[in-house]
2 protein chains.
Amino acid sequence: MTDPEVHHEVGLRLAEQGGRYTMLRQTLVETMAKAGRPLNITEILDDNPGTSQSSAYRNISVLIEAGAVQRVSGSDDHGRFELSEDVLGHHHHHLVCTTCGRVDDLVPSPALERAFAEAARRAARKADFDVTEHRFDLIGLCAQCR
Amino acid sequence: MTDPEVHHEVGLRLAEQGGRYTMLRQTLVETMAKAGRPLNITEILDDNPGTSQSSAYRNISVLIEAGAVQRVSGSDDHGRFELSEDVLGHHHHHLVCTTCGRVDDLVPSPALERAFAEAARRAARKADFDVTEHRFDLIGLCAQCR
DNA sequence: ATTTATGCAAATCGTTTGCAAACCT
DNA sequence: AGGTTTGCAAACGATTTGCATAAAT
């Protein structure tokens with residue numbers, strides 16, 4: 001999904017819940033679209049000078065409620081945020097660096113996703129658990145930290 | 001690994017860093033061993049009446065540093081703790097309930113682990129990332145919350 | 001005796017919220 | 001005007017820490 005489409009989609013989702021697609025919300029979405037990986041609050045504020053932290057948090061919450069953004073938990077306890085898979089238009093996993101905390105996106109192979117689906121089916125049967133999604137993270141050292 | 005072996009192993013690991021395997025530490029380990037799934041602080045304290053919260057946290061930290069316990073992040077922001085895979089003697093994944101936050105252990109099939117290894121290899125090549133471990137969580141509804 | 005562990009209360013830190021002013025339609 | 005959004009400062013909640021006491025070796 002290209003940038004204009006992303007903004008259009010996010011605008012629609014906000015409108016659906018009676019929210020406005022404010023300038024700040026647009027720049028937050030722009031920041032996340034540019035990054036292509038989950039960002040923490042500091043990184044988001046650095047890319048949006050003059051924005052108050054509380055407004056950033058509040059708008060990210062709104063965007064999460066609208067299904068436009070998702071929260072990602074990395075190795076440290078700082079929350080990270082990125083555009084939702086719905087808005088991005090593709091499913092992906094994460095590479096989590098234990099040293100610097102950076103998280104990168106990783107698009108899985110169809111074969112891997114098939115293995116996940118099979119695992120989910122098995123778990124549903126064995127543990128009587130209703131799987132709605134999965135999370136797969138590779139933990140280790142990023143290129144900069146090796 | 002059976003219970004006495006778990007205690008012995010944890011005791012060794014603590015001794016290695018000049019720590020003592022206190023009564024409280026033993027009961028904390030006992031609590032986690034009994035549970036067989038990651039517990040949050042409340043659950044741990046409920047099973048150890050009279051223990052102060054700070055002591056629980058402090059000792060869990062010590063056990064984590066000793067490699068005897070690992071922290072697990074679920075759906076909510078409450079940390080959850082369980083015996084480390086080293087001490088348990090087996091690798092596993094997690095079933096995370098989005099409604100009640102409960103996390104259960106799930107031992108993967110060899111086929112799935114093979115798929116993970118392949119994914120790790122691929123990521124290492126493509127993203128120049130040094131994978132040391134992986135995290136696979138199935139998110140959904142547990143039997144009680146369906 | 002000397003080191004380590006404990007409990008209490010206070011501090012920390014990421015995140016959330018109350019409120020009054022600014023904004024949009 | 002009527003609702004939404006903003007920034008500031010204060011509140012929140014999980015976790016950590018300082019300190020004085022208790023326990024273990």
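Residue numbers begin at 1 in each chain, while the letters A, B, ... track the order of the sequences. Just so we're clear, the structure is a prediction, and the values are computed from it rather than from any experiment. Below, all heavy atoms of this structure are taken into account, side chains as well, without hydrogens, waters or symmetry copies.
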Closest to the 5' end of DNA chain D, once B:Phe81 and A:Gly50 are matched to their nearest nucleotides, is A:Gly50

How would you list, by chain and number, every residue that makes a ring-ring contact (aromatic ring centres under 6.0 Å, His included) with A:Phe116, sequence neighbours excluded?
-> A:His93, A:His134, A:Phe136, B:Phe116, B:Phe136

Across all chains, not counting sequence neighbours, the ring-ring contact (aromatic ring centres under 6.0 Å, His included) partners of B:His92 are B:His90, B:His94

Provide, to the nearest angstrom, the distance between the CD atom belonging to B:Gln53 and the P atom belonging to C:dG7.
-> 12 Å

Hey, does the side chain of B:Asn59 come within less than 4.0 Å of C:dA5's phosphate (OP1/OP2), counting only N and O?
-> no

A:Ile60 CD1 to D:dT5 C1', in whole Å, measures 15 Å

Provide, to the nearest angstrom, the distance between the CG atom belonging to B:Leu63 and the P atom belonging to C:dT6.
-> 10 Å

Report the hydrophobic cluster partners of B:Val107, with the cluster defined as I, L, V, M, F, W, Y residues connected by side-chain heavy atoms closer than 4.5 angstrom, directly or transitively.
-> none

Under a 4.0 Å N-O cut-off, is there an ion pair linking A:Glu82 with A:Arg71?
-> no

Rounded interatomic separation in angstrom, taking NE2 from A:His78 and C1' from D:dA14 = 14 Å

Taking NZ, NE, NH1 and NH2 as the nitrogens, is one of them in B:Glu43 or B:Arg37 under 4.0 Å from a carboxylate oxygen of the other?
-> yes

Specify the residues of residues 16-25 of chain B, ordered by number, for which at least one heavy atom lies under 4.0 angstrom from an atom of DNA chain C.
-> B:Gly19, B:Arg20, B:Thr22, B:Leu24, B:Arg25

Listed by chain and number, what are the salt bridge (charged side-chain N to carboxylate O under 4.0 Å, His left out) partners of B:Arg20, not counting sequence neighbours?
-> none

Nearest whole angstrom, please: distance from the P of D:dT6 to the CD of A:Gln26.
-> 11 Å

Electrostatic pair A:Glu118:A:Arg121 at N-O distance under 4.0 angstrom = yes

So, A:Asn59 versus A:Thr22: side-chain donor-acceptor pair below 3.5 Å or not?
-> no

A:Lys126 NZ: over 12 foreign heavy atoms closer than 6.0 Å = no

Under 3.5 Å, which N/O atoms of the protein pair with N/O atoms of nucleotides 17-22 of chain D?
residue: D:dG18; atom: O6; partner: B:Arg58; partner atom: NH2; Å: 3.1

Given atom CG of B:Asn40 and atom P of D:dA14, what is their separation to the nearest angstrom?
-> 10 Å

